[in-house]
Amino acid sequence: MTQKILLLPGDGIGPEITAEAEKLLTVLRDRHGLDVSWTSAPIGGAGYDAAGHPLPPATLEAAKAADAILLAAVGGPQYDKLPRELRPERGLLGIRAALGLFSNLRPALLYPELADASSLKPELVANLDILIVRELTGGIYFGKRQTGVETDYKVGSQIIPSARVARDTEAYSDFEIARIARTAFEAARLRGKKLCSVDKNNVLESSQLWREVVIEVARDYPDVSLSHMLVDNAAMQLVRAPKQFDVVVTSNMFGDILSDIAAQLTGSIGMLPSASLNERGQGMYEPSHGSAPDIAGKGIANPLAMLLSVAMMLRYTLARSDLAGAIEAAVRKVLASGLRTGDIAKPGEATVNTVAMGDAVIAALG
Ligand code: NAD
């Protein structure tokens with residue numbers, strides 16, 4: 001059956017890198033037997049300009065009806081003064097909530113040719129290939145909140161008679177832990193079959209449940225080796241010896257922090273894709289970078305994170321890991337041949353523009 005893709009170009013460099021993704025999809029459809037169709041809709045600032053809202057109703061309906069969504073980026077200085085509910089990022093949050101996209105997959109991959117872009121020594125990061133699976137709709141960001149004045153507030157052995165106190169609650173149910181664990185085990189099956197679950201089980205009740213449930217789910221995945229790590233150690237290990245990891249699964253807050261550390265290890269934001277999935281495997285795929293208003297309209301944006309987002313979409317929603325692998329191999333080939341957009345070029349090195357980089361990846365696909 002033909003699978004439906006919704007393209008959301010958004011703002012800034014979004015339309016420029018979406019054009020490259022569309023070119024790639026056309027080639028995959030016409031020459032590689034990919035059975036897909038696609039449409040485009042405005043979101044973010046473009047949604048506000050077209051329909052007065054960052055997530056126009058027609059865009060939301062199209063998102064619900066799609067098997068996969070490919071979003072470029074939203075935002076720009078011209079929208080910074082809009083009220084919060086009309087800001088471009090509301091478009092993204094609206095889709096995440098409406099589709100129940102509870103798992104966030106962020107690979108951190110460093111091609112050997114770009115190893116000196118990292119702040120770590122090249123030998124520690126060359127060929128780095130890890131995947132952080134972050135729970136996206138639960139935990140402390142969504143738990144009960146409370147702010148107010150409390151009497152007789154305890155600080156260690158001290159009693160403060162009156163204090164302003166703010167509370168956020170970290171809460172996880174076995175249901176939420178089991179479903180994110182399953183996503184992570186499934187992802188590990190498609191990769192190196194090693195899963196590290198990160199928690200703080202020596203201190204937090206919610207982490208104790210997290211670990212218990214992950215161990216229960218592991219029974220269904222005897223082919224994946226499971227380990228556990230405390231979050232403080234995981235942060236340290238990510239910068240000490242990142243290549244020890246394959247897939248990491250963790251809660252919303254720990255994942256927020258660890259996935260940014262992992263992304264920074266690669267030193268090149270224009271290269272990193274990401275995916276957010278729901279239980280039905282429906283997903284939104286997007287580059288990790290923003291709309292880069294400083295270079296928008298110049299035709300020099302790096303389209304690789306967007307093209308690698310197409311690869312993730314093929315692997316995790318469209319069940320075409322073969323084509324995903326082919327795109328990733330094509331990107332490797334293009335980088336090995338020395339082609340660079342400005343953001344990944346060394347000083348003085350020759351650069352190519354967005355269109356030339358997109359063409360080169362398609363040519364390398366064969
Ligand atoms: P950014 O990622 O847009 O840009 C940071 C720097 O990286 C800039 O110098 C930019 O030119 C460069 N860069 C980013 N992507 C690039 C690419 N593909 N090729 C070449 N260079 C690239 O982050 P920012 O400047 O903090 O944010 C700009 C706008 O993007 C803001 O409005 C922000 O809210 C929005 N934003 C959107 C998303 C998203 O849509 N998911 C994510 C982050 C930021």
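Atoms within each ligand, like the ligands themselves, are counted from 1 in listed order. Only this structure's heavy atoms are used, side chains among them; waters, hydrogens and symmetry mates stay out.
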Point to revise | Test: Glu170 and Lys200 ion pair at under 4.0 Å | key: no

**Study point:** Pairs involving residues 353-366, ordered by first then second residue, that meet side chain to side chain donor-acceptor pair (under 3.5 Å) (sequence neighbours left out)
**Key:** Lys23-Asp359

**Study point:** Over 12 non-hydrogen atoms of neighbours within 6.0 angstrom of OH in Tyr48
**Key:** no

Check your understanding: Can you tell me if Pro293 has a non-hydrogen atom under 4.0 Å from ligand 1?
Key -> yes

**Study point:** Side-chain heavy atoms of Lys194 within contact of Val224, under 4.5 Å
**Key:** no

Study note, to complete from the structure: Near Gly75 (heavy-atom distance under 4.0 Å), the atoms of ligand 1 are 32 (O)

Check your understanding: With only distance considered, is His289 within less than 3.5 Å of ligand 1 through an N or O on each side?
Key -> yes

Point to revise | Non-hydrogen atoms of Leu99 and Lys64 that approach each other most closely | key: CD1-CG, 3.9 Å

Review point. Identify the closest protein heavy atom to atom 7 (O) of ligand 1: which residue and atom is it, and at what distance?
Key: Ile269 CG2, 4.0 Å

Point to revise | SB check Lys4 Asp67 (cutoff 4.0 Å) | key: no

Point to revise | Sidechain N-carboxylate O distance under 4.0 Å for Lys193, Asp223 | key: no

Check your understanding: Below 3.5 angstrom, do we get any N/O pair linking Pro287 and ligand 1?
Key -> no

Review point. Side chain, backbone, both or neither: which part of Pro88 comes within less than 4.0 Å of ligand 1 when only heavy atoms are counted?
Key: neither

Point to revise | Shortest protein contact, atom 35 (C) of ligand 1 (heavy atom only) | key: Val74 O, 3.2 Å

**Study point:** Proximity to ligand 1 by part of Asp343, non-hydrogen separation under 4.0 Å
**Key:** side chain

Check your understanding: Are Glu186 and Tyr316 linked by a side-chain donor-acceptor pair shorter than 3.5 Å?
Key -> no

Study note, to complete from the structure: Closest to atom 3 (O) of ligand 1 among protein heavy atoms sits Ala292 N, 2.8 Å

Review point. Under 4.0 Å from ligand 1, counting heavy atoms only, is it the side chain of Leu92, its backbone, both or neither?
Key: side chain

Exercise for review: Do me a favour and list the nearest non-hydrogen protein atom to atom 18 (N) of ligand 1 with residue, atom name and distance?
Suggested key: Asn302 O, 3.0 Å

Review point. Nearest to atom 32 (O) of ligand 1, what protein heavy atom do you find, and at what distance?
Key: Gly76 N, 3.2 Å

**Study point:** Part of Ile13 within contact of ligand 1 (heavy atoms, under 4.0 Å)
**Key:** side chain

Point to revise | 4.5 Å side-chain heavy-atom contact, Val36 and Leu28 | key: no

Study note, to complete from the structure: Here the atoms of ligand 1 under 4.0 Å from any heavy atom belonging to Ala301 are 19 (N)

Point to revise | For Glu286, the ligand 1 atoms whose distance to one of its heavy atoms is below 4.0 Å | key: 41 (N)

Review point. Does a sphere of radius 6.0 Å around CD in Glu205 hold more than 12 heavy atoms from other residues, nucleotides or ligands, not counting ones at 6.0 Å or beyond?
Key: no

Practice item. Measure the shortest side-chain to side-chain distance between Tyr285 and Val310 over non-hydrogen atoms and say whether it is less than 4.5 angstrom. Key: no

Point to revise | Protein heavy-atom partner closest to atom 21 (N) of ligand 1 - residue, atom, separation in Å | key: Ile295 CD1, 3.6 Å

Practice item. May I ask you to list the atoms of ligand 1 that are less than 4.0 angstrom from any heavy atom of Ala73? Key: 40 (O)

Practice item. For atom 24 (P) of ligand 1, state whether the nearest protein heavy atom is under 4.0 Å away. Key: no

Check your understanding: Any nitrogen or oxygen of Ser291, main chain or side chain, under 3.5 Å from a nitrogen or oxygen of ligand 1?
Key -> yes

Point to revise | Beyond-backbone contact of Ile140 with Asn252, side-chain heavy atoms, under 4.5 angstrom | key: no

Revision key, fill the gap. Heavy atoms of Glu286 and Arg96 approach each other most closely as OE2-NH2, 3.7 Å

Practice item. Give the residue, atom name and distance (to 0.1 Å) of the protein heavy atom nearest atom 1 (P) of ligand 1. Key: Gly290 N, 3.6 Å

Exercise for review: Flag Asp294 as yes when one of its N or O atoms lies below 3.5 Å from any N or O atom of ligand 1, and as no otherwise.
Suggested key: yes

